[in-house]
Structures are given as C-alpha cells and as structure tokens.
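Residue indices begin at 1 and follow the sequence shown. Computed over heavy atoms, backbone and side chain alike; hydrogens, waters and symmetry mates excluded.
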Amino acid sequence: MAIRMPRIIKKSSTARDIPKGHFAVYVGEKQKKRFVIPISFLSQPLFQDLLSQAEEEFGFDHPMGGVTIPCSEDVFIDLTSRLNRI
C-alpha cells in the first residue's frame, strides 16, 4: 500500500524552492533533512506540540538556518500525514 503525502514537498534546497504559503523545517536527530510544509500546520495542536519540544531542545537558535525539529523522520512523516487528513 502506497502512502500519499501531497502536502509535503521534500528535497527543497533553496528559499526559491519554497512555494507561497509554505515554509522549510529541518527534521532529524543526527542527520537533518529539509522538508517544506504548509503554513496551515502552524495552527494545528499536534504541530504546535512538536514545535514546543523543538524549542525546549534548541531554543530559538536554529543551526540549520530554519526551524529545526529534533525527532526522527518517521515520526515527523507520521505526524504530518495525520495533519493532512484533518
């Protein structure tokens, strides 16, 4: 069974690759991977909890130049796929 995630755009490398209404986040525990996600996720409680955890671990100094989320890529993809269904 294939998993569809139409609202997440992977492998964006520059700011020009970010469509209007989206923003970049870096996800991973050791190796960080860049994802571009809809701004609408910011209003979702699940995503807000994830951002709060990122704030606790990284504060507001994000070494990658964008928001860094300290969770596994699998957890992030699972969470965002649930947000896509809302």
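- Closest non-hydrogen pair, A54 versus T68, comes out as CB-O, 3.3 Å.
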*Please lay out, stage by stage, how I39 and K20 fare under the test side-chain contact (heavy atoms from CB on, under 4.5 Å).*
CA-CA 9 Å; I39 289 174; K20 186 174 183 175; over 6 Å; no
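- With sequence neighbours left out, the side chain to side chain contact (heavy atoms under 4.5 Å, CB included) criterion links L51 to L42, F47, V67, I69.
- Under a hydrophobic clustering in which Ile, Leu, Val, Met, Phe, Trp and Tyr are joined whenever their side-chain heavy atoms come within less than 4.5 Å, directly or via other members, Y26 and V75 fall into different clusters.
- Considering only heavy atoms from C-beta on, R85 comes within 4.5 Å of S81 through its side chain.
- The shortest distance between side-chain heavy atoms of L79 and F41 does not fall below 4.5 Å.
- Here the straight-line distance linking atom CG of D74 with atom CG of D78 works out to 8.5 Å at 0.5 Å rounding.
- The two residues L46 and R82 have their closest heavy-atom pair at CD1-NH1, 4.1 Å.
- In terms of the side chain to side chain contact (heavy atoms under 4.5 Å, CB included) criterion, residue partners of E29 (sequence neighbours excluded) are, by chain and number, S72.
- Between S40 and S43, the shortest heavy-atom distance links the atoms O-OG, 2.9 Å.
- For the pairing with E73, the salt bridge (Lys or Arg N to Asp or Glu O under 4.0 Å) check across K32, K30, K33 returns one residue only, K33.
- At a threshold of 4.5 Å between non-hydrogen side-chain atoms, the residues F23 and V25 count as touching.
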